[in-house]
Every structure is written in structure tokens, then in C-alpha cells.
2 protein chains.
Amino acid sequence: MTRRTPRPRERGIPEATVARLPVYLRALQALNDQGTPTISSEDLAAITGVNSAKLRKDLSHLGSYGTRGVGYDVDYLIYQVSRELGLTQDWSVAIIGIGNLGRALANYGGFGSRGFRIAALLDADSSIVGDKVAGLPVRHIEILEEVVAGESVSIGVIATPAAAAQSVCDRLVGCGVTSVLNFAPVVLNVPPSVDVRKVDLSIELQILAFHEQRKSDGYGGPEWFGIPGSLT
Amino acid sequence: MTRRTPRPRERGIPEATVARLPVYLRALQALNDQGTPTISSEDLAAITGVNSAKLRKDLSHLGSYGTRGVGYDVDYLIYQVSRELGLTQDWSVAIIGIGNLGRALANYGGFGSRGFRIAALLDADSSIVGDKVAGLPVRHIEILEEVVAGESVSIGVIATPAAAAQSVCDRLVGCGVTSVLNFAPVVLNVPPSVDVRKVDLSIELQILAFHEQRKSDGYGGPEWFGIPGSLT
DNA sequence: AGGTGTGAAAGTGTTCACAGCC
DNA sequence: GGCTGTGAACACTTTCACACCT
């Protein structure tokens with residue numbers, strides 16, 4: 001039996017692990033930039049703010065890439081994590097909605113180090129269509145399907161007002177986009193084959209407010225101390 | 001024994017529940033705007049994209065606010081959820097780093113319906129200090145401590161370049177801010193009493209790329225169908 | 001000695017299914 | 001009849017602790 005790419009574990013990296021791999025990757029790249037050749041799970045865990053056992057278990061899902069008594073080779077681990085995350089190929093991204101936020105996203109140069117290419121900017125407002133933002137022309141949303149096909153867009157970033165988000169999403173899905181990053185404050189309805197991730201400023205603030213309230217509440221005075229992990 | 005506010009459950013709403021309450025709240029407000037007086041868990045769950053049992057369990061952590069055979073009173077539930085999230089009081093927010101993103105955040109009017117007030121904008125770049133953004137003057141980061149005290153800031157939003165984020169965070173923590181929303185792509189080091197939430201564009205894209213890769217991989221063809229919940 | 005990889009235990013979160021109330 | 005609230009089962013995640021390798 002021959003297999004060209006020695007696939008580590010046949011399938012199923014836990015979602016919680018996937019969400020942390022980018023954090024490890026960033027730390028590893030920083031270590032690499034400063035010339036560190038190897039790193040122990042203990043040290044990398046400290047840098048990324050996780051428990052070292054968790055880090056080792058996370059990495060073990062990719063395969064056995066560490067050396068006992070030594071640690072992990074930074075370069076090699078960068079390669080393995082990148083590969084697992086699919087960053088060895090380039091993904092074309094379209095940003096829809098070039099308001100304040102869309103502009104900020106377009107200009108956010110380090111859009112994840114490498115692996116992503118902002119391929120198109122789209123907006124419904126004719127008065128900004130044709131403008132250049134971050135070196136790219138804003139195109140009219142009318143030709144979304146055409147642009148998605150022409151640029152092989154595989155990830156759509158929705159930065160429109162809430163009211164427009166679902167219909168933009170439907171059109172993206174309609175022309176084959178199966179990954180969406182949604183900044184509009186609405187729950188998007190999509191078929192189960194489509195992945196949606198949501199970034200919602202006001203939700204984050206509300207979660208912070210909840211905890212902030214607890215801190216200054218009557219609660220927690222007495223039992224605050226001595227309960228390890230009562231905060232987190 | 002007298003208690004003015006009838007506190008539902010003495011303590012400990014699960015973190016996962018807290019993260020969903022803002023989503024329910026937004027849906028409830030939309031229902032209220034369109035005049036819907038009551039809603040069942042089934043219907044609210046459909047709108048917010050969760051399982052109805054989960055929704056009921058989430059709400060049960062706040063108390064017994066539903067009516068069997070009927071559903072939940074929209075108005076009353078809005079009040080209870082808002083109160084639990086601490087939105088009955090106003091929180092002052094400072095945004096540090098008024099680049100593209102900071103500007104977008106400052107202009108993002110519906111900053112969580114109500115409950116939050118953008119109290120200050122700060123930046124290190126003297127050439128934009130004094131400019132008005134979203135009706136507020138940009139002030140110099142030198143006077144951060146003064147501004148935090150003067151405006152009673154309780155939530156700091158870090159929208160600076162990565163290199164500046166930790167030192168800005170330290171200064172916020174130093175003058176008593178215990179809630180931080182971090183947009184800079186770095187892991188912030190804070191004492192355990194401080195809550196940090198992170199919003200990271202490139203991490204979200206990388207997670208999407210991982211799943212996108214899996215979809216177009218050799219994997220998943222055969223066992224794709226018939227496994228309920230194999231995605232999500 | 002030093003540090004990875006991993007069973008096993010503990011902790012969290014989700015879903016089912018139904019008793020009980022309206 | 002319809003719908004909430006919740007015990008119990010299940011699934012996922014984290015953490016511990018240590019065997020095993022270098």
C-alpha cells in the first residue's frame with residue numbers, strides 16, 4: 001500500500017483543536033523570525049496561553065512531530081500546521097460591503113500571513129463602484145456571480161448592513177461558495193454543507209458586560225477566593 | 001427573608017449559555033419590533049439557529065419565565081435577558097487605535113443596541129489627535145489613564161497594531177479596566193481577574209480554510225451522507 | 001534528566017424524551 | 001393539545017499523571 005502524503009490521522013481533528021492551531025502557528029512564526037530552532041510544549045503553551053498537556057494533545061492529532069527530551073522543531077511544525085490548515089494552497093477571498101468595516105478588512109494587510117488573497121471587493125452603492133480600495137477596484141454587486149466564478153472565490157466575507165446579509169449570502173451559496181465569514185449582526189440561514197463563521201462586535205461586548213457586572217455585583221464577595229478557576 | 005430582586009439562580013450561568021444570550025436578545029428585539037407578543041422555544045430556536053431543548057435549558061438558567069402551553073412573553077424575556085447581561089446599566093467603552101479598524105468600530109452605530117457608550121478614542125499618532133471621528137475627538141494615548149478615570153471607562157477595545165497591544169493592555173489594566181476586547185493579533189497577558197475576548201480575522205479565515213480543504217479533499221466522499229451532524 | 005504522547009478521570013456542553021403545567 | 005422545564009444519556013473537551021523515548 002502506497003500513500004504519497006503520509007496522512008497523520010485519517011480523519012477528525014477536534015473542532016476545539018482546529019480553533020487553536022492558528023494561534024500556535026502565529027507563535028511558531030514569531031519564534032522562527034527570532035531564530036528559535038526548537039520549542040518545548042511547556043514554553044509554547046506559555047506563549048499561547050494554554051495548558052501544556054492540551055497543546056501536546058492538540059499537536060498529537062496531526063501526528064508525532066515532537067522529539068522526546070527535546071521538543072518540537074519550529075520549522076517543521078510550522079509546515080505541518082500550515083498544511084493541516086490548508087494554507088499551503090491559496091484561497092481567494094471576496095469582501096462584500098465596502099463600508100467602514102469592509103475597507104478596514106481590505107486594508108488589513110496581514111490577512112493571515114499567507115494563504116489568502118483578497119480577490120474582489122463588491123458593493124451595492126454605485127457611487128463607490130470603481131473606486132480603488134487597497135489597490136483593488138470596487139465592483140458592483142450585480143456581477144457577483146461573474147466575479148466569484150472569474151476569480152475562483154472560495155471564501156466570502158460579508159460586511160454589509162444586516163438587512164442585506166442574507167440575500168448576499170444566498171447568492172454566494174448559489175454560485176458555489178461554501179465558506180462564509182459574516183460580520184453582519186444576523187443569523188445566516190445556509191444549507192448544512194456551507195460553513196459560516198460569525199464575528200459580532202456587540203455580542204462580544206455583551207459577554208464582557210455580563211462578566212463585568214458579576215465582578216461589581218453583590219455576588220462573589222465571600223466565595224471569590226479559594227475557588228480555583230471560579231474565573232476564567 | 002426579604003429579597004428585592006428575585007434572583008433566579010444564585011450563581012453560575014454556563015459560559016456557553018452566556019455566549020448565546022445576546023443572540024436570543026437580538027432576535028427577541030426584532031420580534032418585539034414587529035409586534036409579536038409571545039414566542040415558543042421551538043420558533044425562537046429556529047430563528048436563532050439552535051436546538052429548542054438547548055434554548056429552553058439556556059433560558060431556564062435565568063429562571064422560569066415561560067408559560068407551559070403558551071411560550072415566552074417577548075417583552076418580559078427581553079427585560080430578563082438584558083438584566084442578566086448587565087445591559088440595564090450603561091458601560092463606557094474606550095477604543096484605542098484609530099486606524100481603519102478603530103474608525104470602523106467608532107462609526108459602527110448600533111454598538112449593541114443599547115447598553116454601551118463610546119466614551120473615548122485614543123491614538124498614538126499625533127497627526128490624527130484632535131480629529132473628530134464619529135463625533136468624538138481623538139485624544140492622545142499619553143493621557144489614557146486620565147481619560148479612563150474621567151470617563152469611567154470599564155471596557156477597553158484594542159484596535160492598535162500588534163506590537164502596541166500588550167503595552168496598551170497593561171496600561172488599561174493598570175488603571176483598573178477589567179474587560180478588554182482585543183482585535184490585535186496577539187495573545188494578551190493579563191492577571192486572572194481581567195477578562196479578555198479576542199476577535200481575530202485571520203484565525204477565522206484559517207478555520208474556514210481548514211474546513212474548505214476537507215470538503216474538496218479525498219476525504220469525506222463516501223461517509224459524507226448519512227452521518228447527521230458530521231458538519232458543525 | 002528532560003519532554004513527548006496518551007490512557008484515564010474529571011469537567012462541560014448538548015440532546016433526548018417526558019413528566020407536569022396551562 | 002401544546003409547550004415548558006429538567007433528569008438522564010451522550011458527546012466533547014480539558015486536565016492529570018505517567019510510561020516511554022532520546
Side-chain angles (χ1 to χ4, degrees), chain A residues 8-21 23-24 28 31 36-74 76-77 80-81 84 192 207 227-232, chain B residues 6 8-9 11-21 23-24 28 31 36-74 76-77 80-81 84 192 207 227-232:
Chain A
R9 263 191 200 323
E10 200 51 54
R11 222 173 189 295
I13 296 182
E15 196 51 38
T17 295
V18 173
R20 281 186 295 266
L21 289 179
V23 179
Y24 304 151
L28 287 166
L31 287 165
T36 311
T38 58
I39 183 108
S40 69
S41 65
E42 199 71 50
D43 291 351
L44 185 54
I47 293 171
T48 54
V50 306
N51 175 306
S52 70
K54 177 152 69 178
L55 172 56
R56 286 198 301 279
K57 188 149 278 186
D58 282 344
L59 294 183
S60 78
H61 286 112
L62 316 187
S64 268
Y65 297 138
T67 310
R68 290 166 199 239
V70 178
Y72 300 88
D73 181 89
V74 171
Y76 188 51
L77 198 51
Q80 291 298 345
V81 174
E84 198 62 49
I207 295 171
I227 303 178
S230 63
L231 287 161
T232 293
Chain B
R9 261 193 202 324
R11 217 166 195 300
I13 295 182
E15 195 52 38
T17 295
V18 173
R20 283 186 295 267
L21 290 178
V23 180
Y24 304 150
L28 288 165
L31 287 165
T36 310
T38 59
I39 183 108
S40 69
S41 66
E42 200 71 47
D43 290 352
L44 185 54
I47 293 171
T48 53
V50 306
N51 174 304
S52 69
K54 179 151 70 177
L55 171 52
R56 287 198 298 281
K57 189 150 279 187
D58 282 345
L59 294 183
S60 79
H61 286 113
L62 316 187
S64 267
Y65 298 137
T67 310
R68 287 161 201 244
V70 179
Y72 299 87
D73 181 88
V74 172
Y76 187 51
L77 198 51
Q80 290 299 345
V81 175
E84 198 62 49
I207 295 171
I227 303 179
S230 64
L231 288 161
T232 295

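Letters go in sequence order (proteins before strands), and every chain restarts at 1.
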Query raised in the report: Residues in side-chain contact (heavy atoms from CB on, under 4.5 Å) with B:K54, at least two apart?
Result: B:R20, B:V50, B:N51, B:D58
Query raised in the report: Within less than 4.0 Å of OP1 or OP2 of C:dC22, is there a side-chain N or O belonging to B:Y72?
Result: no
Report task. Please report the closest heavy-atom contact between A:T17 and A:H61, naming both atoms and the distance. Result -> OG1-ND1, 3.9 Å
**Report entry** Atom pair distance, as rounded to whole Å: OH in B:Y24 and P in D:dT4
**Finding:** 13 Å
Query - Nearest-Å distance for atom pair CG/C1', residues A:D58 and C:dT4 - result: 14 Å
Report task. Report the residues that fulfil side-chain contact (heavy atoms from CB on, under 4.5 Å) with A:L31, sequence neighbours left out, ordered by chain and then residue number. Result -> A:L28, A:Q34, A:T36, A:I39, A:L44, A:I47, A:V74
Report task. Round to a whole Å and report the spacing from CG of A:L55 to P of C:dG5. Result -> 10 Å
Report summary line: Sorted by number, residues from residues 41-49 of chain A placing a heavy atom under 4.0 Å from DNA chain D are none
Query - Pairs satisfying salt bridge (Lys or Arg N to Asp or Glu O under 4.0 Å), at least one member in residues 37-51 of chain A, at least two apart - result: none
Query raised in the report: Which residues satisfy the side-chain hydrogen bond (donor to acceptor under 3.5 Å, both in side chains) test with A:T48, sequence neighbours excluded?
Result: none
Report summary line: A:I39 CD1 to C:dG3 C1', in whole Å, measures 13 Å
Query raised in the report: How many angstroms lie between atom OG1 of A:T67 and atom OH of A:Y72, to the nearest 0.5 angstrom?
Result: 9.0 Å
Query raised in the report: When every nucleotide of nucleotides 16-22 of chain D is labelled 5' to 3' by its protein contacts under 4.0 Å (heavy atoms), B for base, S for sugar-phosphate only, - for none, what sequence of letters results?
Result: BB-BBBS
Query raised in the report: Roughly how far, to the nearest 0.5 Å, is the OH atom of A:Y76 from the OH atom of A:Y65?
Result: 5.0 Å
Report summary line: Picking from C:dG13, D:dG5, D:dT13, the nucleotide nearest the side-chain atoms of A:E15 would be D:dT13
Query raised in the report: Rounded to the nearest Å, what distance is computed from the CG atom of residue B:L62 to the C1' atom of nucleotide D:dT4?
Result: 14 Å
Query - Taking every non-hydrogen atom, the tightest pair across B:S41 and B:S52 - result: O-CB, 3.9 Å
Report summary line: A:R20 atom CZ is separated from D:dT13 atom C1', nearest whole Å, by 8 Å
Requested in this report: Provide, to the nearest angstrom, the distance between the CG atom belonging to B:L77 and the C1' atom belonging to D:dC3.
Outcome: 15 Å
Query raised in the report: Tell me: NZ of B:K54 to P of D:dA11, nearest whole Å?
Result: 15 Å
**Report entry** Taking every non-hydrogen atom, the tightest pair across A:L21 and A:E84
**Finding:** CD1-CG, 4.5 Å
